[in-house]
Amino acid sequence: MEVDILNRLNFHMNPPTALSYVTTVLDYCLSQCNGKDQKKEGKDRHNHHRHHFMLEKCRQCTELAVRNYCCVAYNPSTVAVASILVAIDSDMVNSDIKGNSFL
């Protein structure tokens with residue numbers, strides 16, 4: 001069946017982007033956090049806001065990487081991990097300023 005689809009598309013497919021890697025990793029992390037914190041009632045809404053913040057920050061970072069010619073040589077997965085690390089660092093700084101703990 002996959003071969004039929006590829007033949008119909010004439011093997012013209014786009015490779016995964018950095019943002020698709022980011023959404024996959026963040027969705028996995030959110031599902032793991034929800035699994036561990038089922039007993040805590042307010043965590044689900046807090047995790048949803050953190051997920052949205054992280055996704056927006058990662059989207060900004062990946063867009064900046066696309067514009068920068070130096071980043072063209074990097075794999076999309078590398079750009080995705082770098083943007084996630086920047087978002088985590090930014091979230092930690094925001095948490096420290098507000099007085100909330102990161103974890």
Side-chain angles (χ1 to χ4, degrees):
M1 180 175 170
E2 291 88 3
V3 175
D4 293 334
I5 293 171
L6 290 173
N7 284 332
R8 292 263 181 171
L9 294 173
N10 293 327
F11 288 86
H12 293 292
M13 296 175 47
N14 291 332
T17 63
L19 197 56
S20 65
Y21 282 111
V22 165
T23 54
T24 302
V25 170
L26 289 181
D27 288 343
Y28 175 76
C29 291
L30 182 64
S31 69
Q32 293 299 311
C33 289
N34 285 341
K36 291 180 182 176
D37 293 334
Q38 287 178 351
K39 297 177 184 176
K40 298 180 182 176
E41 298 165 359
K43 281 287 190 178
D44 190 37
R45 188 173 60 160
H46 177 71
N47 285 338
H48 177 72
H49 288 299
R50 177 164 281 154
H51 181 266
H52 180 71
F53 170 80
M54 297 278 283
L55 187 61
E56 286 302 312
K57 192 66 166 173
C58 290
R59 182 176 291 136
Q60 291 173 358
C61 290
T62 55
E63 287 176 4
L64 289 173
V66 168
R67 293 179 189 169
N68 193 345
Y69 184 73
C70 297
C71 295
V72 172
Y74 295 109
N75 290 331
S77 59
T78 305
V79 174
V81 170
S83 67
I84 290 171
L85 291 175
V86 168
I88 289 172
D89 186 49
S90 178
D91 187 45
M92 288 178 70
V93 169
N94 288 340
S95 295
D96 288 343
I97 291 171
K98 294 177 183 176
N100 299 328
S101 64
F102 177 66
L103 300 173

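In this text the structure is predicted, and so the values were computed from the model without any measurement. Start at 1 with the first residue, then count along the sequence.
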Exercise: identify the closest heavy-atom pair between Ala87 and Phe53: O-CE2, 4.1 Å
Partner of Val81 by side chain to side chain contact (heavy atoms under 4.5 Å, CB included), out of Ile84, Thr78, Leu85: Leu85
Straight-line distance of Glu56 CD to His51 NE2, nearest 0.5 Å: 10.5 Å
Check: Asn7 side chain, Val3 main-chain N or O, donor-acceptor pair, under 3.5 Å: yes
Closest non-hydrogen atom pair between Leu55 and Thr23, with its separation: CD1-CG2, 3.6 Å
Heavy-atom donor-acceptor pair, Thr24 side chain to Ser20 backbone, under 3.5 Å: yes
Non-hydrogen atoms of Thr62 and Ser83 that approach each other most closely: CG2-OG, 3.8 Å
Listed partners of Asn75 passing side-chain hydrogen bond (donor to acceptor under 3.5 Å, both in side chains), at least two apart: none
Leu19 with Val25, same ILVMFWY side-chain cluster at under 4.5 Å: yes
Least distance between heavy atoms, Met54 atom then Ile88 atom: CE-CG1, 3.4 Å
